[in-house]
Amino acid sequence: MYISFIFITILLSITLVALSKKLNFLLDIKSEKHKKFTSIQENYSIGGILLIIFFLLFYFNNIKYLNTVFFTSIFLIGLFSDLKILNNPKIRFILQTFFIFLFVYLLDIKIIDTRAEILNNLLESKLFNYFFVTFCLMILINGSNFVDGINTLLINYYIIVFGTLLIFFPDYAYQEELLKYLTTLLLIILVFNLNGKIILGDSGSYLLGLFAGIYLINFSNQYVLISPFFIILLLWYPCFELLFSMIRRKKSKLTMYEPDIYHLHQMLFSFLKRKISVKSNINHLIASSLINFYNVIIVLIGINFIYQTSKLMIIIIFNLIVYSLIYFFLRKTKKY
């Protein structure tokens, strides 16, 4: 079954690339400044299609029809964005908020414990809990989309997250088969993403962020001895990328929702491009590998303190400081 899954996924990936190229479908047009900044190569936003097929088959086979509709709704928002039909980021934000809150309510997705007494008291209100979960998922899916600016970065990041659960918490990782097959799918997409032939697109980054958020909320609720701050540690990077970008844009009086070229990974890519004379895809790989190598080290450290909230908080704060220092250093080395 597992070998068949790998073979079918590779065949489907090749077929989708060939069809997309022939039909000029989901071609990632480098018309926006933030896309031309890192690459002018022709690639196709079909990673989301591979992911939605995977999720629909899983949820439909497990008779989870609400999940099927939920993931399809978020996928379509991303797909219409990839197709340049839904270009207005404010409308996408409103649609995301509506569908996420609706299904969080219908599926009764709640956060049980945050290790903060004041917030826990507020979360006793179901309505507040639903809004808080919606807020968290919105940060994660849009942060994931922000991070997906260079090849392999976001895919490898979630391989690290899911791989951590599979390797270090085999007794904890419920739905282990689902996680195993999803991680395998991401590894296959990663191979095609190395040269930029397949990219996740908005639809793929939204789906990855959504699944990771829901899965880890359920994981945290099921295994209450593990500090929820370990979950935050696993997801800190895309979440902080979004929050940091919002603060940065607000301070610089830039449009909050419009894409730009001032994200950490973009500036690291530009820095490496100036320092190392190699092909663009190699710079993509080096930049993403540096960021994810750091995240691997942080996760490995955090695993030793999964029950100790105070120490996990220190590690998270350390991450925020390191991110900020590197960001301001890179920002000073180049004027855009």
Side-chain angles (χ1 to χ4, degrees), residues 32-35 37-38 48 74 77-78 81-82 86 88-101 104 111 114 131-150 153-158 160-161 199-217 228-229 231-269 287-288 291-292 294-295 298 316-328 330-331:
E32 298 97 336
K33 183 179 180 180
H34 70 288
K35 291 189 175 183
F37 183 74
T38 55
I74 300 303
I77 294 172
S81 175
D82 291 330
L86 190 57
N88 191 317
K90 290 183 179 180
I91 295 178
R92 291 202 300 269
F93 180 84
I94 293 171
L95 290 173
Q96 287 172 355
T97 304
F98 171 77
F99 282 111
I100 289 178
F101 180 80
V104 162
I111 293 175
T114 63
F131 275 114
F132 184 70
V133 171
T134 300
F135 172 75
C136 293
L137 290 176
M138 285 291 293
I139 290 176
L140 184 56
I141 69 170
N142 287 287
S144 296
N145 192 37
F146 275 27
V147 166
D148 189 35
I150 57 176
L153 179 57
L154 185 66
I155 299 172
N156 259 332
Y157 183 80
Y158 279 116
I160 293 168
V161 172
I199 62 173
L200 289 172
D202 291 350
S203 60
S205 58
Y206 290 165
L207 284 175
L208 267 183
L210 180 65
F211 173 80
I214 294 175
Y215 184 93
L216 287 169
I217 286 173
F229 279 83
I231 306 304
I232 296 174
L233 183 66
L234 288 176
L235 300 174
W236 81 274
Y237 175 48
C239 293
F240 187 65
E241 177 67 58
L242 176 67
L243 295 174
F244 185 88
S245 297
M246 291 175 67
I247 295 171
R248 168 175 60 79
R249 290 174 178 178
K250 182 71 174 178
K251 186 177 180 181
S252 303
K253 297 181 180 180
L254 299 172
T255 305
M256 191 68 68
Y257 301 101
E258 293 297 329
D260 59 34
I261 58 172
Y262 301 106
H263 297 292
L264 177 70
H265 58 272
Q266 292 169 323
M267 290 192 295
L268 179 58
F269 171 86
S288 65
I291 293 173
N292 280 322
Y294 174 83
N295 283 310
I298 289 299
I316 292 169
I317 293 171
F318 175 78
N319 286 340
L320 307 189
I321 294 172
V322 169
Y323 178 104
S324 301
L325 290 175
I326 294 175
Y327 179 88
F328 290 118
L330 292 172
R331 187 69 184 263

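For this chain, numbers begin at 1 and follow the sequence in order. Note that this is a predicted model, so its numbers are computed, not measured.
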Heavy atoms only: give me the nearest [X]-[Y] pair and the separation to one decimal.
X    : Y    : value
G209 : L140 : O-CD2, 3.2 Å
L154 : V147 : CD1-CG1, 4.1 Å
I141 : L210 : CG2-N, 3.3 Å
P238 : S144 : CB-N, 3.8 Å
H265 : F146 : CE1-O, 3.0 Å
L264 : I326 : CD1-CG2, 3.8 Å

Distance-only polar pair, side chains of [X] and [Y], donor-acceptor under 3.5 Å:
X    : Y    : value
S288 : Y157 : no
Y294 : N319 : yes
D148 : S205 : no

* Asked: Would C136 and F131 satisfy side-chain contact (heavy atoms from CB on, under 4.5 Å), going step by step from the backbone distance to the final call?
  -> CA-CA 9 Å; C136 293; F131 275 114; over 6 Å; no
* Can you check side-chain contact (heavy atoms from CB on, under 4.5 Å) on E241 and Y323, steps first, answer last? -> CA-CA 9 Å; E241 177 67 58; Y323 178 104; 2.9 Å; yes
pair [X]-[Y]: side-chain heavy atoms closer than 4.5 Å:
X    : Y    : answer
N295 : N292 : yes
L95  : L86  : yes
V322 : F318 : yes

* Asked: Run the side-chain contact (heavy atoms from CB on, under 4.5 Å) check on Y206 and L200 step by step: do they pass?
  -> CA-CA 9 Å; Y206 290 165; L200 289 172; over 6 Å; no
What's the spacing between [X] [atom1] and [Y] [atom2] if we round to 0.5 Å?
X    : Y    : atom1 : atom2 : result
L268 : I150 : CG    : CD1   : 6.5 Å
F244 : H263 : CZ    : NE2   : 11.0 Å
F98  : I77  : CZ    : CD1   : 10.0 Å
W236 : I298 : CH2   : CD1   : 7.5 Å
I139 : L243 : CD1   : CG    : 4.5 Å
D202 : N142 : CG    : CG    : 9.0 Å

* Cation-aromatic face contact R331/Y262, 6.0 Å, 45 degrees ->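 Yes; both conditions hold, so R331 lies above the ring face of Y262.
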* Asked: Which residue, I100, I74, T97, forms the side chain to side chain contact (heavy atoms under 4.5 Å, CB included) with L137?
  ->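 Single side chain to side chain contact (heavy atoms under 4.5 Å, CB included) partner of L137 among I100, I74, T97: I100.
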